[in-house]
2 protein chains.
Amino acid sequence: MSNPTLSNTHRAVRDLRAMIFSGALPAGSDHLETELARKLNMSRTPVREAVLTLESQGLLEMRPRKGVRILPLSPDDMAEIYDILTELESHAAESAASMGYTDQELLDLASAIDAMEEALAQSDLEAWAKADEHFHTELVRLGGNRRIKSIVTMMQDQVRRARMTTLYLRPLPRQSNEDHRLVFTAILNGNAKAARQIHRSHRQQAKTVLVDLLAKLKLRYL
Amino acid sequence: MSNPTLSNTHRAVRDLRAMIFSGALPAGSDHLETELARKLNMSRTPVREAVLTLESQGLLEMRPRKGVRILPLSPDDMAEIYDILTELESHAAESAASMGYTDQELLDLASAIDAMEEALAQSDLEAWAKADEHFHTELVRLGGNRRIKSIVTMMQDQVRRARMTTLYLRPLPRQSNEDHRLVFTAILNGNAKAARQIHRSHRQQAKTVLVDLLAKLKLRYL
DNA sequence: GTATAAAACAATGTATACATAAATAGTCTG
DNA sequence: CAGACTATTTATGTATACATTGTTTTATAC
């Protein structure tokens with residue numbers, strides 16, 4: 001619909017990603033190229049090209065005669081990723097604050113926050129998670145560094161499964177919403193240092209909550 | 001030699017990278033897949049796979065009937081990359097400092113600094129650049145976050161050409177060497193905050209020097 | 001029964017052939 | 001001569017065939 005002529009390679013990238021996120025291809029599982037090609041109803045060539053792309057995005061790994069392995073995430077991996085998100089997103093917050101955006105231009109960011117509060121009020125955690133991701137994505141877009149945007153997207157993709165798994169195991173993210181408001185205000189007021197600092201501790205807090213949770217539950221891989 | 005059985009795809013990745021860095025494939029130039037395949041003495045299949053890999057590393061771009069384009073770097077791109085390096089490397093410096101490395105384990109870092117001073121004394125800028133990259137790579141390795149390491153490598157690759165081009169146009173990096181010593185000392189002393197802060201301003205300084213230089217020379221793309 | 005070697009098998013890596021679609025050149029018409 | 005339509009060329013996207021090499025299995029010796 002959206003794109004009438006999408007190459008098989010692109011379709012394969014899109015569909016494999018979806019299958020990884022949905023759990024149709026579970027973390028840690030192995031899959032032969034031929035198998036994937038049959039599932040996607042195309043030949044091995046575009047599948048290989050898609051797999052190569054997804055490999056460089058850190059979602060899977062080609063292991064020469066053992067098949068394509070969907071990469072599981074260890075608590076250490078999560079810590080690595082959250083540290084990167086902390087640094088790059090707080091930089092984005094700082095930049096965004098220094099760019100003098102009007103509240104008109106910050107509308108999307110504001111509505112993401114509203115959506116989060118709405119979702120939280122209704123205890124709809126899935127909606128909350130979606131709005132939360134939207135907030136972070138929009139923040140990074142406002143930061144204006146396209147490479148940061150693409151790296152952050154990659155990292156978000158890598159933790160997506162784990163985030164969803166732990167969504168119902170975490171305490172309700174009330175503090176989180178307050179943080180978002182504070183970051184928003186700092187950006188609107190052009191207070192770059194504050195935006196950076198607040199977002200930074202927000203992310204560090206998120207890391208601690210998640211890593212502690214995984215330790216407590218003794219979850220080794222997701 | 002080093003690897004007797006390297007697949008053509010891997011060889012293509014390695015050789016294309018080398019050709020991009022050496023200028024054999026100049027920034028902004030276009031190349032048909034068939035042409036590259038002939039140059040590398042293999043069929044289009046492994047070339048396409050290599051090109052896909054290099055595309056996701058930000059070195060080139062596949063443009064459906066116009067050929068493979070070697071991506072040029074604008075001053076804005078340089079600013080983006082240096083901002084990322086600033087954030088991720090200063091995080092690495094902070095982590096490294098908090099890990100309590102012995103001076104034995106910091107030997108590589110120390111020798112990179114020595115090599116830089118040596119090179120500077122002899123005005124051998126190429127040797128200096130090599131040692132400088134080694135310092136930053138080693139610093140990031142000591143930080144212990146493998147994803148940061150791979151992102152930093154990717155960013156270093158993207159600016160390599162531009163760094164080399166401007167190497168002889170910049171003032172001699174004397175301050176730079178002092179900074180490195182200070183970062184080293186902070187890491188050895190376990191002073192995480194200092195390591196972070198010093199490395200951070202070191203990188204911000206490097207960004208300013210480079211961006212200003214490009215502006216002054218009115219270099220739009222490299 | 002275990003260990004070793006050989007052979008069969010299976011999955012990947014690579015070349016090639018072909019279908020498709022974009023760009024270009026050529027032709028016709030006003 | 002401009003413009004539009006058609007034909008041709010050409011590069012890519014994809015399927016397929018084949019070569020290569022790692023793995024597994026089987027047979028044989030001890």
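Lettering follows sequence order; numbering is per chain, from 1. From a predicted model like this one, the values you see are computed outputs, not experimental measurements.
Both B:R44 and B:E49 lie near DNA chain C, and the one whose nearest nucleotide falls closer to the 5' end is B:E49. Where B:R63 and A:M42 each meet DNA chain D at their nearest nucleotide, the meeting point lying more 5' is that of B:R63.
In this entry the distance linking CZ of B:R69 with P of D:dA11 reads 18 Å, nearest Å. In this structure, CG of B:N41 is placed 9 Å from P of C:dA15, rounded to the nearest angstrom. Between the CG atom of A:L6 and the C1' atom of D:dT12 there is a distance of 15 Å, given to the nearest Å. When the P atom of D:dA15 is taken as reference, atom CZ of A:R38 falls 15 Å away, rounded to whole Å. As a whole-Å value, the separation of A:L32 CG from C:dC9 P is 18 Å. Regarding B:D30, its CG atom lies at a distance of 10 Å from the P atom of D:dT12, rounded to whole Å. In this entry the distance linking CZ of A:R11 with C1' of D:dG13 reads 13 Å, nearest Å. Rounded to whole angstrom, the span from the CD atom of B:E33 across to the P atom of D:dT10 amounts to 17 Å.
Close to D:dG13, at under 4.0 Å from its OP1 or OP2, lies a side-chain N or O of B:R48. The shortest distance between the side-chain N/O atoms of A:T9 and the OP1/OP2 oxygens of D:dT14 is below 4.0 Å. Between C:dT14 and B:N8, a contact under 4.0 Å exists linking OP1 or OP2 to a side-chain N or O.
For A:D108 and A:R141, the salt-bridge test fails: no basic side-chain N is under 4.0 Å from an acidic carboxylate O. Salt bridge annotation for A:R200-A:E94: absent, with no cationic side-chain nitrogen under 4.0 angstrom from a carboxylate oxygen.
Residue B:S7 is classed as a sugar-phosphate contact, given heavy-atom separations below 4.0 Å to backbone atoms only.
Taking 3.5 Å as the limit, the base of C:dA22 and the side chain of B:R65 contain no donor-acceptor pair of atoms between them. Remark: the A:T45 side chain and the D:dA15 base include a donor-acceptor N/O pair separated by less than 3.5 Å.
Taking the six-membered ring where tryptophan is involved, the planes of B:H202 and B:H180 are perpendicular, since the angle between them exceeds 60° and thus also 30°.
Note that the CG atom of A:L25 and the CG atom of A:L36 stand 6.5 Å from one another [nearest 0.5 Å].
Nearest to the side chain of A:S43, among D:dT12, C:dG13, D:dT14, sits D:dT14.
When B:L85, B:D179, B:I84 are each tested for a side chain to side chain contact (heavy atoms under 4.5 Å, CB included) with B:R203, only one passes: B:L85.
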